[in-house]
Visitor: 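Below you will find the structure I want to go over with you.
Ligands are counted one by one from 1 in listed order, and the atoms in each one are counted from 1 as well.
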Amino acid sequence: MVQDNVCYDITIIGGGPAGLYAAFYSGMRDLKTKVIEHEKELGGKVNVYKEKTIWDVGGLPPTSGSQLISQLIKQALTFHPTIALGEQVVDIRRTDNGYFQMKTDQNRSHYSKAIILATGYGILQQTKLNIEGAEKFETSNLHYAVTDLEHFRQKHVVISGGGNSAVDWANELEPMAKSVTVVHRRHQFGGHEKFVTKMRHSSVDILTPYAIDDVKASPDGCCIEQVTLKHCESGYCQWRKADAVLIHHGYQPDLSFLDHHPLGLQVEERRLYTSHQMETAASGIFAAGDISNHPSSIPLIAGAFTEASLAVNAAKLYIHPDADRYARVSSHNNRFKQHN
Ligand SMILES: Cc1cc2nc3c(=O)[nH]c(=O)nc-3n(C[C@H](O)[C@H](O)[C@H](O)COP(=O)(O)OP(=O)(O)OC[C@H]3O[C@@H](n4cnc5c(N)ncnc54)[C@H](O)[C@@H]3O)c2cc1C
């Protein structure tokens, strides 16, 4: 097993908004910090909606997901934390000297005095289109996320799904696409009422209760050119021309490393019990962001920031019991002198 024997003060598992802000705040508290992220890129779930506009982060004008990610990363790197990308933590245990050892799927071990779990609901696996061989079109026109709106301009777009994402993208793509068809297994949509109404009153062609039953490849076999849509009750089939197919069937979160409740962590409905100070049931392990479950938690980016600073402050006190309870405000903090 490859070892990284350096023992960090804080290791943050997860590089989404909570983990990135924790990395910044941890540097502000003069703690040697590492972030371990399963994906090859930072940003967490915001990567799923990079092109969407985020309105509800205090002090920020409406900002795209990708802009928010790049600003979060820039801020997180202020105090030069170590970043380990492409590694999934699969096991946590306490060492004989009371520190923590984290093992990853890359056969590496990481060591830390304290841990902040910022894993969100876990590693998100997109629920794939359940049609044999469909995966070969993922490099052409079968999409699970919108990374560039221009891919859809003047195209016949078929969207499958009935949640917020499917409805939002139907509304967003409708003015620029040649046509938008939404296919959903149920008559009811799970998206916000206001946006469902907007979609229903637009030119979007809505087919319910329908599901994509088959895809027909172009003559050269490299992309989808047609989808077969099957009525979920009668079995009646019809087809639509498709230049782009967008699937939003939700996510299956993988939080399996917590399944056996390592070190006594209390997992409730795939979230972790935490105190108001973001302490988990295992001393030395803290949590922040969507993973944390306490009476005041809100699964929003703004909530993740507050929880990240609380978790870092609690971790600082765990490592240095005589430390101040929280950091000196940034405007008067010596740590920033060199940056000003
Ligand atoms: C479609 C959509 C739209 C949204 N819009 C808004 C909005 O407008 N405003 C708002 O405030 N919030 C919004 N949210 C919610 C917001 O994205 C989340 O609250 C926020 O991302 C939570 O941040 P987090 O860091 O706790 O978790 P995440 O963003 O989920 O990040 C967790 C990270 O941990 C990593 N990870 C998990 N397990 C491991 C492991 N074992 N080892 C290593 N890495 C691991 C994951 O890969 C992931 O990168 C939206 C969410 C969705 C799905």
Visitor: So, His143 versus Phe152, ring centres under 6.0 angstrom or not?
Guide: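 Yes, the ring centres sit under 6.0 Å apart.
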Visitor: Going by the closest heavy atom to atom 23 (O) of ligand 1, which one wins out of Gly16, Gly289, Pro17, Gly15?
Guide: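 Selected option, by shortest heavy-atom distance: Pro17.
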Visitor: Quick test: of every protein heavy atom, which one is nearest to atom 18 (C) of ligand 1, and how far off is it to 0.1 Å?
Guide: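 Checking every protein heavy atom, the shortest distance to atom 18 (C) of ligand 1 gives Asp290 OD2, 3.3 Å.
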Visitor: Check each atom of ligand 1 against the heavy atoms of Gly44 and keep those under 4.0 Å away; list them by number with element.
Guide: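 Near Gly44, meaning under 4.0 Å from one of its heavy atoms, ligand 1 has 29 (O), 31 (O), 48 (C), 49 (O).
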Visitor: Report the member of Ile301, Ile36, Thr119 with the shortest heavy-atom distance to atom 11 (O) of ligand 1.
Guide: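 Nearest option to atom 11 (O) of ligand 1, by heavy atoms: Ile301.
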Visitor: At what distance is the nearest protein heavy atom to atom 34 (O) of ligand 1, and which residue and atom is it?
Guide: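 Looking only at protein heavy atoms, the one closest to atom 34 (O) of ligand 1 is Gly14 CA, 3.2 Å.
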Visitor: Is there at least one pair of N or O atoms, one from Ile54 and one from ligand 1, spaced under 3.5 Å apart?
Guide: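 Between Ile54 and ligand 1, no N or O pair is found under 3.5 Å apart.
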Visitor: Answer yes or no: does an N/O atom from Trp55 fall short of 3.5 Å to an N/O atom of ligand 1?
Guide: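 N/O-N/O distance under 3.5 Å: no.
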Visitor: Geometry only, no angles: is Asp56 polar-contacting ligand 1 at N/O separations under 3.5 Å?
Guide: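 In this structure, Asp56 places an N or O atom under 3.5 Å from an N or O of ligand 1.
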Visitor: Can you tell me which portion of Ala118 lies within the under-4.0 Å heavy-atom range of ligand 1? Options are side chain, backbone, both, or neither.
Guide: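 Backbone only.
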Visitor: Under 3.5 Å between any N/O of Gln88 and any N/O of ligand 1: does that happen in this structure?
Guide: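 By distance alone, the answer is no.
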Visitor: Could a heavy atom of Lys52 be found less than 4.0 Å from some atom of ligand 1?
Guide: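 No; Lys52 lies far enough from ligand 1 that no heavy-atom distance drops under 4.0 Å.
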Visitor: Starting from atom 25 (O) of ligand 1, find the nearest protein heavy-atom neighbour and note its residue, name and distance.
Guide: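 Ranking protein heavy atoms by distance from atom 25 (O) of ligand 1, first comes Ala18 N, 2.9 Å.
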Visitor: Answer yes or no for Lys230 and Tyr210: cation-pi contact, defined as NZ/CZ to six-membered ring centre under 6.0 Å and angle to ring axis within 45°.
Guide: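 No cation-pi geometry.
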Visitor: Of the protein's non-hydrogen atoms, which lies at the shortest distance from atom 29 (O) of ligand 1, and what is that distance?
Guide: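 I find the closest protein heavy atom is Lys45 N, 2.9 Å.
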Visitor: Does Ala302, backbone or side chain, put an N or O under 3.5 Å from an N or O of ligand 1?
Guide: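 In this structure, Ala302 places no N or O atom under 3.5 Å from an N or O of ligand 1.
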Visitor: How about Tyr111 and Tyr99: are their ring centres within less than 6.0 Å of each other?
Guide: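 That pair fails the under 6.0 Å test.
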Visitor: Look at the aromatic rings of Phe286 and Tyr318 and report parallel, tilted or perpendicular, splitting at 30° and 60°.
Guide: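 If you compare the ring of Phe286 with that of Tyr318, the planes turn out perpendicular.
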Visitor: What do you reckon, does Tyr49 have a nitrogen or oxygen under 3.5 Å from a nitrogen or oxygen of ligand 1?
Guide: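 In this structure, Tyr49 places an N or O atom under 3.5 Å from an N or O of ligand 1.
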Visitor: Look at atom 47 (O) of ligand 1 and say which protein heavy atom is nearest, naming residue and atom and giving the distance to 0.1 Å.
Guide: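 Going atom by atom, the protein heavy atom closest to atom 47 (O) of ligand 1 ends up being Glu37 OE2, 2.7 Å.
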Visitor: Can you report which non-hydrogen protein atom sits closest to atom 36 (N) of ligand 1, along with the distance?
Guide: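 Ranking protein heavy atoms by distance from atom 36 (N) of ligand 1, first comes Ile123 CG1, 3.9 Å.
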Visitor: Can you list the atoms of ligand 1 that are under 4.0 Å from a heavy atom of Ile13?
Guide: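 Taking each heavy atom of Ile13 in turn, ligand 1 has 40 (C), 42 (N), 43 (C) under 4.0 Å.
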Visitor: Mind checking ring-ring contact (aromatic ring centres under 6.0 Å, His included) for Tyr251 and listing every partner two or more places apart, or none if nothing turns up?
Guide: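 Here no residue qualifies.
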Visitor: Give yes or no for whether the N/O distance cutoff of 3.5 Å, strictly under, is met between Asp254 and ligand 1.
Guide: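 Such a contact does not occur with ligand 1.
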Visitor: Please state which part of Pro299 comes within less than 4.0 Å of ligand 1, counting heavy atoms only: side chain, backbone, both or neither.
Guide: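 The answer is the backbone.
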Visitor: Can you check whether Val89 has an N/O within less than 3.5 Å of an N/O in ligand 1?
Guide: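 Such a contact does occur with ligand 1.
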Visitor: Any idea which part of Phe257 is under 4.0 Å from ligand 1, heavy-atom wise: side chain, backbone, both or neither?
Guide: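 Contact part for Phe257 vs ligand 1: side chain (C-beta onward).
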